[in-house]
Undergrad: 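Could you have a look at this structure, given as structure tokens, before my questions?
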Amino acid sequence: MKPPKLQAVRGMQDLVGEAAARFERVVDAFREVGRRFGFRRVEVPVVEFTAVFARTLGETTDVVAKEMYTFDDRGGESLTLRPEFTAGICRAFVANGWAQHVPMKLMTHGPLFRYERPQKGRYRQFHQVDAEVIGAAEPQADVELLALADMLLAELGIGGVTLQLNTLGDAASRAAWREALVAHFAAHRDALSDDSRRRLETNPLRILDSKDEADRALVAEAPVIDSFLTSEAGAFFEAVQRGLAAAGVAFVRAPRLVRGFDYYRHTAFEFVTDRLGAQGTVIGGGRYDGLIEAMGGPPTPAVGWAGGIERLMALSAEPPPEPLLAVIPETAEAEPAAARVALQLRRAGIATDFAFRGNQKRRRELAARAGATDLLFVRPGEALELNLVGDYPDESAQRARAAALRAALPEAQLLVRGAPA
RNA sequence: GCGAUCGUAGCUCAAUCGGUUAGAGCACUGGUUUGUGGUACCAGGGGUUGCGGGUUCGAGUCCCGUCGAUCGCCCCA
């Protein structure tokens, strides 16, 4: 029935109306909280040379091994659609010498691509909001970033999400821990699931969040990072936790939390929920102090996180209705006057709906469907009649709205109905 | 890549045990009515039941294949 060519590519979606509005709301809230914290917008390409991701994320991570959208361009260069933000931002940082601007507080959002089977809260083209602090080694940078994420969730009315916090230690701590984990799991190799036996070779830390029953029993006995932390790493983690407490950001210690990419050091965290099926992570991130140096830049400490816009959309509360005024000509003769009034309102900054066609009755229907909170009727040679029909919280809100509209139409005669005088 | 479930109008769905011409709401189009808080009335257009094959007197319904979707595994935002 539908020609196959007109179908969207698997895992990529078209959004209008309610869904598009929710998407926009997440981005708006993100921009707003970012502004409060002094983050600046950064724009980086959607496509990078494949090596940018392959080298920085870790060759054995699943994203690199099997999930990248990689292709050769006409010059034979291997390019990849970005599967995450951090690698591209760091590449830009090194390539452009942004070290001179350090510390940088950067924010961005946009599409990412991962070749996976789509399911709830998970798409091949998905979108993230992303915040990074580059060039700050202080634990307060971690704290501020977490407070930003916490505020974003609050702004969107998202509850039931908990911040799970862990440290992966510095390079020495992490290496020692990893070695101990390999030894522990290798000793119980026979009891491990097939998947985890494979992980033992490729990415042993990932065994820690296996969903397999038998694995979980072994994971419960596995060594914890704490005994391997250097004193510096331990002190840093302490400082982050104290800072969060002082900032009033609630968290739980998750001693077995690890992250998917190889570049994380020290702080690692996820905001998780049980409301998204198998995909519990809404926002995830951590510190990646060695990454920029490893890419060939100057030694530069950094922290960051990314949040899935589709997941935030799914969790966010119903957005409050925006005020919208519909201008409705009573008759065909009133049409030019009504168009003038609509334009005047728009110049004054009032969101105004003005239907392209239809009689008065039809336009009332269209206005209702457009979500109009107010109707303004225009008749030739008579006063404009304003009808406040939306659900206003109280009378003072209605009065304020009426006053704002009167101010937008200073020389017009306005008859207000449906509102207290 | 693997598994489970599901594909009927633009959307959401109905159709008894396999049985006559596949229905309804919303949306759309035309008209009637109406001085005003999404809600009146009449009519109309719109379907090879995802696609291909099979079983049967007869398939939207059963079987096989295929494509797609959803959810899960893996992994992650």
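A, B, ... follow the sequence lines: proteins, then strands. Residue 1 opens every chain.
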Undergrad: Reckon A/R10 touches a base, only the sugar-phosphate, or nothing at all at heavy-atom distances under 4.0 Å?
TA: sugar-phosphate

Undergrad: Give the table of side-chain donor-acceptor pairs shorter than 3.5 Å for residues 335-344 of chain A, with sequence neighbours excluded, one pair per line with atom names and distance.
TA:
residue: A/E335; atom: OE1; partner: A/R363; partner atom: NH2; Å: 2.9
residue: A/E335; atom: OE2; partner: A/R363; partner atom: NH2; Å: 2.9
residue: A/Q344; atom: NE2; partner: A/E411; partner atom: OE2; Å: 3.0

Undergrad: Mind checking the P distance from B/rA40 to B/rU34? Whole angstroms is fine.
TA: 16 Å

Undergrad: Provide the distance between the two P atoms, one in B/rA59 and one in B/rG50, to the nearest whole Å.
TA: 15 Å

Undergrad: Quick one: A/Q398 CD to B/rG37 P, roughly how many Å, whole number?
TA: 15 Å

Undergrad: Does A/F71 have more than 12 heavy atoms from other residues, nucleotides or ligands lying within 6.0 Å of its CZ?
TA: yes

Undergrad: A/R206 side chain N/O closer than 4.0 Å to the phosphate oxygens (OP1, OP2) of B/rC76?
TA: yes

Undergrad: Just jot down the ring pair (Phe, Tyr, Trp, His ring centres under 6.0 Å) partners of A/F236, sequence neighbours excluded, or say none.
TA: A/H266

Undergrad: What does A/F261 touch in the nucleic acid at a heavy-atom separation under 4.0 angstrom: a base, only the sugar-phosphate, or nothing?
TA: sugar-phosphate

Undergrad: Report the residue (A/E67 or A/L375) whose heavy-atom-nearest nucleotide on RNA chain B is the more 5′ of the two.
TA: A/L375

Undergrad: May I ask you to decide if the ring planes of A/F261 and A/Y264 are parallel, tilted or perpendicular, using 30° and 60° as cut-offs?
TA: parallel

Undergrad: Need one value for A/E270: base, sugar-phosphate or nothing, where a base atom within 4.0 Å counts as base even if backbone is also close, heavy atoms only.
TA: nothing

Undergrad: Is a donor-acceptor contact shorter than 3.5 angstrom present between the side chain of A/R311 and the base of B/rC76?
TA: yes

Undergrad: Tell me whether the guanidinium CZ or amine NZ of A/R174 lies under 6.0 angstrom from the six-membered ring centre of A/F228 and within 45° of its axis.
TA: no

Undergrad: If we take the P atom in both B/rC28 and B/rA14, what is their distance in whole Å?
TA: 24 Å

Undergrad: What nucleic acid atoms does A/E385 come within less than 4.0 Å of, heavy atoms only: base, sugar-phosphate, or nothing?
TA: base

Undergrad: Return the value, rounded to whole Å, for the distance between atom CZ of A/R198 and atom C1' of B/rC73.
TA: 11 Å

Undergrad: Kindly state each residue pair satisfying salt bridge (charged side-chain N to carboxylate O under 4.0 Å, His left out) with at least one member in residues 40-56 of chain A, sequence neighbours excluded.
TA: A/R41-A/E43, A/E48-A/R91

Undergrad: Going by heavy atoms closer than 4.0 Å, what residues in residues 123-132 of chain A are next to RNA chain B?
TA: A/Y123, A/F126, A/Q128

Undergrad: List the residues meeting side chain to side chain contact (heavy atoms under 4.5 Å, CB included) with A/A141, not counting sequence neighbours, and say none if there are none.
TA: A/V133, A/A136, A/R287, A/V303

Undergrad: Taking B/rG54 as the reference, what is the distance to B/rG18 when you measure between their C1' atoms (whole Å, please)?
TA: 15 Å

Undergrad: Check every atom of B/rG3, B/rG38, B/rA77 against the side chain of A/R117 and return the nucleotide holding the closest atom.
TA: B/rG3

Undergrad: In this structure, how many angstroms lie between the C1' atom of B/rC76 and the CD atom of A/E116, rounded?
TA: 6 Å

Undergrad: From CG of A/L386 over to P of B/rG37, roughly how many Å is that when rounded to an integer?
TA: 14 Å

Undergrad: Take the protein atom CG of A/N387 and the nucleotide atom P of B/rG38, then report the distance between them rounded to whole Å.
TA: 11 Å

Undergrad: If you count the non-hydrogen atoms of other residues, nucleotides and ligands that lie under 6.0 Å from CD in A/E24, is the total more than 12?
TA: no

Undergrad: Please round to the nearest 0.5 Å and tell me the distance separating atom OG1 of A/T162 and atom CZ of A/F251.
TA: 12.0 Å

Undergrad: How is the base pairing of RNA chain B summarised as a dot-bracket string, given the Watson-Crick and G-U wobble criteria with both distances under 3.5 Å, [ ] for crossing and | for another strand?
TA: (((((((..((((.....[...)))).(((((.......))))).....(((((..]....))))))))))))....

Undergrad: Verify whether one side chain among A/Y69 and A/Q125 offers a donor that lies under 3.5 Å from an acceptor in the other.
TA: no

Undergrad: Are any of A/R259's side-chain N or O atoms less than 4.0 Å away from OP1 or OP2 of B/rA77?
TA: yes

Undergrad: Have a look at A/G121 and say if it touches a base, only the backbone sugar-phosphate, or nothing, with a 4.0 Å heavy-atom cut-off.
TA: base

Undergrad: Given the P atoms of B/rA24 and B/rG46, what is the spacing between them in whole Å?
TA: 14 Å

Undergrad: Starting at CG of A/D374 and ending at C1' of B/rG37, how long is that distance when rounded to a whole Å?
TA: 12 Å

Undergrad: Between B/rA15 and B/rU36, how far is it from one C1' atom to the other, in whole Å?
TA: 42 Å

Undergrad: Give a yes or no on whether A/Q140 atom CD has more than 12 heavy-atom contacts from other residues, nucleotides or ligands under 6.0 Å away.
TA: yes

Undergrad: Distance between the P atoms of B/rU66 and B/rA4, in whole angstroms?
TA: 13 Å

Undergrad: Whole angstroms only, please: what is the CE-P distance between A/M12 and B/rU70?
TA: 13 Å

Undergrad: Assess whether a salt bridge exists between A/R114 and A/E84, defined as any Lys/Arg side-chain N lying under 4.0 Å from an Asp/Glu carboxylate O.
TA: no

Undergrad: Given B/rC74, B/rG1, B/rU36, identify the nucleotide with an atom nearest to the side chain of A/R122.
TA: B/rC74

Undergrad: Could you tell me how far B/rA9 sits from B/rG47 if I compare only their P atoms? Round to whole Å.
TA: 10 Å

Undergrad: Examine B/rG72: is either OP1 or OP2 under 4.0 Å from a nitrogen or oxygen in the side chain of A/Q119? Give yes or no.
TA: yes

Undergrad: Distance check needed: B/rC73 C1' versus A/I207 CD1, whole Å only.
TA: 17 Å

